[in-house]
Amino acid sequence: MIIEVPFVYCRRARQPGKRKFQPTFLRGSTHVRIEEVAAEDFPVAIELMTRDRQTGEYRTAEEIRTLGGVLYPPMLGYGGERHATVENLTAHHARGCRSDIGRHLPQSEPTFGPEMEALLQFDPSDPGDEAQTAALAARGAAPVRLCGGQLWREIRDELLLVAEPADRFNPPMVNIGWRKNLLAKERALDCERHFRLDQLPEALLALGLDVDLDDPAGFGPHVPFLPVIHVPSAVTYRHDQGPAFVNAARKVWHDFDTARAPAHVLRAYSDLGRALPPDAAAEEVLGPFRSFVDAVEAREGDRRVAGWRREIGKYEASPVQHRAEHEGPRP
């Protein structure tokens with residue numbers, strides 16, 4: 001299917017009666033092709049169910065499809081619609097609004113209104129960037145697919161379960177999030193909090209919740225989004241505790257007060273610091289970090305080292321270190 005995508009591009013132009021050409025933002029548009037996919041070639045990989053707070057039952061909220069091993073969540077709808085269609089997308093464009101297809105386009109506003117723009121004189125020596133901007137619109141449309149009248153956008157990512165402890169306002173909860181967003185927020189994923197989408201029992205156990213796993217209605221407020229996996233091959237995440245372990249060791253090293261530390265602790269502290277360059281590998285940090293913990297524990301007992309040893313234990317139990325024994329993160 002071919003649809004029109006409006007955009008704003010830059011070219012040197014001047015108003016009637018003016019002498020100098022100035023960089024001006026102008027209206028333009030291009031036609032892009034959106035690939036249509038048959039429903040039988042575009043199966044639902046993951047179905048997200050949302051819990052009704054009144055009845056406690058789960059209802060279908062969103063489908064995530066798969067094509068060629070890549071996930072396709074639905075594009076956001078326009079004009080009050082939950083799911084984007086070609087009709088509401090083009091109507092959205094007709095009102096001068098941007099859409100998800102224009103994600104790579106420059107976010108600029110036209111310099112003049114349409115009436116004045118029609119009177120502008122263009123600099124013949126400056127072709128402007130209309131062609132380049134049109135190419136960006138085509139780039140934004142490339143990962144979009146049309147199926148059943150609805151639009152879906154390719155995302156090379158994976159949903160994860162996130163075990164969130166209780167706070168002042170919320171009970172303990174197993175939420176969901178895209179892996180890249182979680183990494184951007186937390187810098188490293190922790191095997192006590194982040195689980196594959198098919199590891200809901202492990203996530204519930206990590207929060208200490210005693211629920212009947214055979215009765216989703218009994219999950220109560222702890223599972224607001226229940227994933228139903230239709231294509232198991234779409235779940236590919238393998239947890240690596242290494243980055244979180246390095247972050248934990250770096251924080252311990254940074255926060256440690258060396259003012260009153262004895263010589264043997266300072267030597268272990270120095271060795272740990274040398275093992276923590278910006279590109280430190282977890283397996284190279286493990287030995288120095290353990291030696292440092294042993295040195296501090298010999299002097300201070302368990303006052304501070306219990307949490308440090310917990311980080312060591314989580315890393316040593318990481319599935320990446322025991323690939324033949326585990327298939328994903330475990331609490």
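One is the number of the first residue; the rest follow in order along the sequence. Only heavy atoms go into these numbers, but all of them, side chains included; no hydrogens, no water, no symmetry mates.
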Inset, instruction - Determine whether Leu151 and Ile46 fall in the same hydrophobic cluster, where Ile, Leu, Val, Met, Phe, Trp and Tyr are linked whenever their side-chain heavy atoms lie under 4.5 Å apart. - result: no
Legend entry - Arg95 CZ: over 12 foreign heavy atoms closer than 6.0 Å: yes
Inset, instruction - Rounded to the nearest 0.5 Å, what's the gap from CG on Leu189 to CZ on Arg179? Could you check? - result: 8.0 Å
Legend entry - Side-chain H-bond candidate by donor/acceptor type, Asn88 with Thr85, under 3.5 Å: yes
Inset, instruction - Hey, could you give me the CG/CZ distance between Leu272 and Phe256, rounded to the nearest 0.5 Å? - result: 10.0 Å
Legend entry - Pair Glu63 + Arg65: basic N to acidic O under 4.0 Å: yes
Inset, instruction - Would you check if the distance from the ring center of Phe25 to the ring center of Tyr9 is below 6.0 Å? - result: no
Legend entry - Validation row: Met1, Val86 side chains within 4.5 angstrom (heavy atoms): yes
Legend entry - Inter-residue atom distance Thr90.OG1 - Ile3.CD1, 0.5 Å rounding: 7.5 Å
Inset, instruction - Kindly state whether the ring of Trp308 and the ring of Phe292 have centres lying under 6.0 angstrom apart. - result: yes
Inset, instruction - State, with a plain yes or no, whether a side-chain heavy atom of Leu226 is found less than 4.5 Å away from one of Leu48. - result: no
Inset, instruction - Verify whether one side chain among Glu4 and Thr30 offers a donor that lies under 3.5 Å from an acceptor in the other. - result: no
Legend entry - Shared hydrophobic cluster for Val32 and Val8 (ILVMFWY, side-chain gaps under 4.5 Å): no
Inset, instruction - Decide yes or no for Glu130 and Gln132: does some side-chain heavy atom of the first lie under 4.5 Å from some side-chain heavy atom of the second? - result: no
Inset, instruction - Establish, yes or no, whether the cationic atom of Arg145 lies under 6.0 Å from the six-membered ring centre of Trp152 and within 45° of the ring axis. - result: no
Legend entry - side chain to side chain donor-acceptor pair (under 3.5 Å) between His230 and Glu47, intermediate numbers included: CA-CA 7 Å; His230 296 284; Glu47 189 177 8; 2.9 Å; yes
Legend entry - ILVMFWY cluster, Ile34 and Val37 together (side-chain gap under 4.5 Å): no
Legend entry - Close side-chain approach of Val44 to Ile64, heavy-atom, < 4.5 Å: no
Inset, instruction - List the steps and the verdict of salt bridge (Lys or Arg N to Asp or Glu O under 4.0 Å) for Arg193 and Glu186. - result: CA-CA 11 Å; Arg193 295 194 61 234; Glu186 306 189 31; 2.6 Å; yes
Inset, instruction - Kindly indicate whether the side chain of Tyr78, heavy atoms from C-beta on, has any atom under 4.5 Å from the side chain of Met75. - result: yes
Legend entry - Student check: side-chain heavy atoms of Pro172 and Leu209 closer than 4.5 Å: yes
Legend entry - Glu109 bridged to Arg98 by N-O distance under 4.0 Å: yes
Legend entry - Matching residue for Asp123 among Arg11, Lys18, Arg12 - test: salt bridge (charged side-chain N to carboxylate O under 4.0 Å, His left out): Arg12
Legend entry - Ion pair Glu297/Arg309, N-O distance below 4.0 Å: yes
Legend entry - Spacing of CG belonging to Asp129 relative to CZ belonging to Phe7, to within rounding of 0.5 Å: 8.5 Å
Legend entry - Evaluation steps, salt bridge (Lys or Arg N to Asp or Glu O under 4.0 Å), between Arg33 and Glu35: CA-CA 6 Å; Arg33 181 184 298 276; Glu35 180 181 342; over 6 Å; no
Inset, instruction - May I ask you to check whether Phe21 and Phe122 place their ring centers less than 6.0 Å from one another? - result: no
Inset, instruction - Would you please say whether a donor-acceptor pair under 3.5 Å links the side chains of Glu154 and Tyr72? - result: yes
Inset, instruction - Report yes if the side chains of Phe225 and Tyr58 come closer than 4.5 Å at any heavy-atom pair, otherwise no. - result: no
Inset, instruction - Can you measure from CG (Asp190) to NE2 (His239) and round to the nearest 0.5 angstrom? - result: 6.0 Å
Legend entry - Check ion pair Arg51-Glu57 (N to O, under 4.0 angstrom): no
Inset, instruction - Flag the pair Tyr237 / Leu197 as yes when at least one side-chain heavy-atom distance between them is below 4.5 Å, and no otherwise. - result: no
Inset, instruction - State whether Arg267 and Asp271 are salt-bridged, where the test is any N-O pair (Lys NZ or Arg NE/NH1/NH2 against Asp/Glu carboxylate O) under 4.0 Å. - result: no
